Amino acid sequence: MKKIAILGSTGSIGTSTLSICESFPERYQVVSLAAGTNLDVAFAQCHRWHPRVVSMATEQLATALASRLFDAGLTDIETVSGTAGTIHVATLPEVDFVVSAIVGVAGLEATYAAVCAGKAVGLANKECLVAAGELIIDAARRFNAPLLPIDSEHNAVHQCMRGGRASEVHQVWLTASGGPFRNTPLEQFAHITPAQALKHPTWVMGQRITIDSATMLNKGLEVIEACRLFDLPPAKVRVTIHPQSTVHSLVEFVDGSILGQISVTDMRLPILYALAYPERVPVEDKVPLTFDLAALSHLDFTPPDLHRFPCLRLAYEAAEQGGAHCIALNAADEVAVAAFLAGQIPFLGIPRTIEEVLAQTPDQHPASITGVLEADAAARACAQRVIAAGHAARTIALS
Ligand code: MG
């Protein structure tokens, strides 16, 4: 029986993980949850799963949850809050496996703490490897903590890597759907609206990651993640546009063989793979993950156009520099995407903001998670200034 902690239990990866635990109660036991801000869902999860500990984002929410649990007779569930609470959830002695699925830098410290406690960690949080990859990979080596990627592409690469030795890998191919603007004429990019950018052809996801798919910054973050996870230079992590999103990624070995991973587009598959590793669990009819190979007519692979997707070029540049540049890439993008969705900047303002912030970022490699968070805050402030300055300039030009 594996004992599971879920950081981000009310989000989509969190609820998919619970659905796997539901399907395989003889294999997985939920021990602790970090549930964020959704009190109703947190209460329902406590009621269903009886975790030993549950953490909420704030003390106020934790108190509110505790009183609801008391009223329901669930008096043996410990309620904690904030970063310290999330760290407590992630490092309980009995926890074997931590699913890291808190979106943003909020999950960084707890994930790092889990790795330092030698826990196996399933990584669904991009920021962990993009912003703090150097620290987390180093800690995973020192504390012998297995890292299992849950992001579908990296999960696919992890599976394909089992087909040869690390020294036999020539390069990795991350597949990308190309997003909704794969075929949009370049001159129309300036007029793309938030509503258009929020329509993703294959996956239903959160707003930021959907915009990041449209700009392909998401794929750029994945390039950085792959460099960290598989210890590869950026030049050996390639991107290929694969509109069918059927092959989740590929590994090319030195003898010319290319192994790819094909499956349904359902996050429960990479979650189950990560939880069960190194085993493979028969899903039978418990989870509908069967892929209909007969319905597959063709697979297309084309190189990405870096003029169309400058965010991907910027990500490769940040990957080369590492450290604070990767932190700034992620932070500036989050600020720029929020500004785009709020109608403050145009679609192309996203790469412009990131480029400007990267140019102003010092060449630093933070040596602690605190240092990472400071660099992150500095990059966010810089992005706000860049956006505000853009507005000021336009106002002057108009008047
Ligand atoms: Mg992905």
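Residue numbers count from 1 along this sequence. Atoms within a ligand are numbered from 1 in the order they appear, just like the ligands themselves. Computed over heavy atoms, backbone and side chain alike; hydrogens, waters and symmetry mates excluded. Since this is a predicted model, take the numbers as computed values, not measurements.
- Between Y277 and H158, the two ring planes are perpendicular [angle over 60°; tilted spans 30° to 60°].
- Every pair tested for ring pair (Phe, Tyr, Trp, His ring centres under 6.0 Å) that includes a residue from residues 73-125 fails, sequence neighbours excluded, so the list is empty.
- The Mg ion (ligand 1) is closest to atom OE1 of E153 (considering only N, O or S atoms).
- The Mg ion (ligand 1) is closest to atom OE2 of E222 (considering only N, O or S atoms).
- Contacts classified as ring pair (Phe, Tyr, Trp, His ring centres under 6.0 Å) and involving residues 335-390 (residues at least two apart or in different chains) are given here: F181-F347, F340-F347.
- For the pair K126 and E222, the salt-bridge criterion is met [side-chain N within less than 4.0 Å of a carboxylate O].
- No other N/O/S atom of D151 lies as close to the Mg ion (ligand 1) as OD1 does.
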